[in-house]
Amino acid sequence: MLDKMDLHTHTIASGHAYNTRNEMIKAATEQGLEVYAITEHAPAMPGSCQSMYFMNYRVLPRKFENMTVLYGVELNIVDYAGHVDLPESILQEMDLALASIHTPCYTSGSIIENTNAYIGAMRNPYVNIIAHPDDSRFPIDYEILVKAAKEYHVILEVNNASLSPKSFRGNPREKYKEMLNLCIKYQVPIVMDSDAHVDIMVGNHRYAQEMLNSVDFPEELVINYHLEVLKDYLNYAGE
């Protein structure tokens, strides 16, 4: 099957990435992607964008050659209730929104507290994807996570950067193995994303694909292969 998308990437606007918007878009076209998303870090991340940056997304074109370009946000989950760092009044203008836990923005709690933080974020009607739920510093109950993703119609991400040998999130393979097997059990879709912070990593899902292969994950549950399914999960309605 053809991997057609990358829904989690960052530009220099995020503060710790290294290429411009145009450079990242060019890299996506060179990879032959059909859907490409720029999802800058939200305001709680040190050095990243403030609210006005996201409020002005409306000026950006959503087409580049034959590729759809989406503009969204990687929200920071900031507490055990799952609150995030942009209000719904701004999120409703985003093409898509990821929500994730990062060390500068969240203090790890118990397994149930961390799990509840993800579930609270999923209840936000504008959150489409839970990004890298794989960090050993934030232990969670994966069965509760997967069942909640199904209930709230949210995609779970398999993050290529997390699985890279250079990852600072430890070794998430066993955590992904557990999550993916539960996704098969409950028929919950996933998406492979690069989490690219530099242009040479755009569309690179090598480690994520190896992870899926290791558990014989069914192609029908991989959003990357099904553009028509993706549309049912996004806020973006087309130009």
Heavy-atom donor-acceptor pair, Tyr118 side chain to Ala148 backbone, under 3.5 Å
no
Can you tell whether the side chains of Asp199 and Lys26 come within less than 4.0 Å, N to carboxylate O?
no
Hey, does the side chain of His153 reach the backbone of Asp232 with a donor-acceptor pair shorter than 3.5 angstrom?
yes
For the NE2 atom on His83, are there more than 12 heavy atoms of other groups (residues, nucleotides or ligands in this structure) within a distance under 6.0 Å?
no
Contact check, side chains of Asp6 and His205, non-hydrogen atoms, under 4.5 Å:
yes
Would you kindly confirm whether Ile77 and Tyr152 end up in one hydrophobic cluster when ILVMFWY residues are joined by side chain heavy atoms under 4.5 Å apart?
yes
State, to 0.1 Å, how close Pro104 and Pro46 come at their nearest heavy-atom pair, and which atoms those are.
CB-CD, 3.7 Å
How long is the span from the CG atom in Leu2 to the CG atom in Leu227, to the nearest 0.5 Å?
8.5 Å
Distance-only polar pair, side chains of Asp193 and Asn159, donor-acceptor under 3.5 Å
no
Taking the basic N atoms (NZ, or NE/NH1/NH2) and the acidic carboxylate oxygens, is any pair closer than 4.0 Å for Glu151 and Lys147?
no
Side chains of Asn128 and Val154 in contact at under 4.5 Å (non-hydrogen atoms)
no
Output for pair (Leu96 CG, Tyr233 OH), nearest 0.5 Å, gives 14.5 Å
To the nearest 0.5 angstrom, please state how far the CG atom of Asn181 sits from the NZ atom of Lys177.
7.0 Å
Joint cluster assignment, Met24 & Val198, ILVMFWY side-chain distance < 4.5 Å:
no
Side-chain heavy-atom pair Lys4, Asn224 within 4.5 angstrom cut-off:
no
Rounded at 0.5 Å granularity, tell me how far OH in Tyr176 sits from CZ in Phe217.
12.0 Å
Is Val73 close to Leu98 at the side-chain level, that is, under 4.5 Å between some pair of heavy atoms?
no
Taken to the nearest 0.5 Å, the spacing of Leu91 CG from Glu88 CD works out to 7.0 Å
Compare all side-chain heavy atoms of Val69 with those of Lys63 and state whether any distance is below 4.5 angstrom.
no
Is the number of heavy atoms from other residues, nucleotides or ligands under 6.0 Å of Tyr225 OH greater than 12?
yes
Tell me whether Tyr80 is reachable from Met122 by hopping between hydrophobic residues (I, L, V, M, F, W, Y) whose side-chain heavy atoms are closer than 4.5 Å.
yes
N/O donor-acceptor pair under 3.5 Å between Asp195 side chain and Ala161 backbone
no
Counting N and O atoms only, with roles assigned by atom type, does the side chain of Thr115 sit under 3.5 Å from a partner on the main chain of Ile111, one being a donor and the other an acceptor?
yes
Could you tell me whether a side-chain N or O of Ser14 sits under 3.5 Å from a main-chain N or O of His16, the two making a donor and an acceptor?
no
Which heavy atom of Met192 sits nearest to which heavy atom of Gln209, and what is that distance?
CE-OE1, 3.4 Å
For Gly109 and Glu113 the tightest heavy-atom approach is CA-OE1, 3.3 Å
Test item: Leu75 and Ser100 side chains (from C-beta on) under 4.5 Å apart, heavy atoms:
no
Heavy-atom side-chain contact between Ile112 and Asp141 under 4.5 Å
no
Does one side chain, of Glu40 or Ser48, offer a donor that lies under 3.5 Å from an acceptor on the other?
no
Verify the distance criterion only: is there a donor paired with an acceptor across the side chains of Tyr207 and Asn160 at less than 3.5 Å?
no
Have Thr39 and Glu74 got a donor and an acceptor in their side chains that come within less than 3.5 Å?
no
Flag side-chain contact, heavy atom, 4.5 Å: His41 against His197:
yes
CD (Glu178) and CD1 (Ile140) are apart, to the nearest 0.5 Å, by 8.5 Å
Is there a continuous path of hydrophobic side-chain contacts, each under 4.5 Å between heavy atoms, that joins Leu234 to Val35?
yes
Search all heavy atoms of Tyr142 against all heavy atoms of Pro133 and return the closest pair with its distance.
OH-O, 2.7 Å
From Tyr57, Phe64, Tyr36, residue fulfilling ring-ring contact (aromatic ring centres under 6.0 Å, His included) relative to Tyr71
Tyr57
Do other residues, nucleotides or ligands put more than 12 heavy atoms under 6.0 Å from the CG atom of Asp216?
no
Any idea how Tyr106 and Phe138 line up, ring-wise: parallel (<30°), tilted (30 to 60°), or perpendicular (>60°)?
perpendicular
Give a yes or no on whether the backbone of Val78 and the side-chain of Asn76 come within a donor-acceptor separation of less than 3.5 Å.
no
Between the side chain of Glu23 and the main-chain N/O of Thr20, is any donor-acceptor distance below 3.5 Å?
yes
Same cluster (ILVMFWY, side-chain, under 4.5 Å), Leu60 and Ile12
no
Within 6.0 angstrom of Asn66 CG, more than 12 heavy atoms from elsewhere:
no
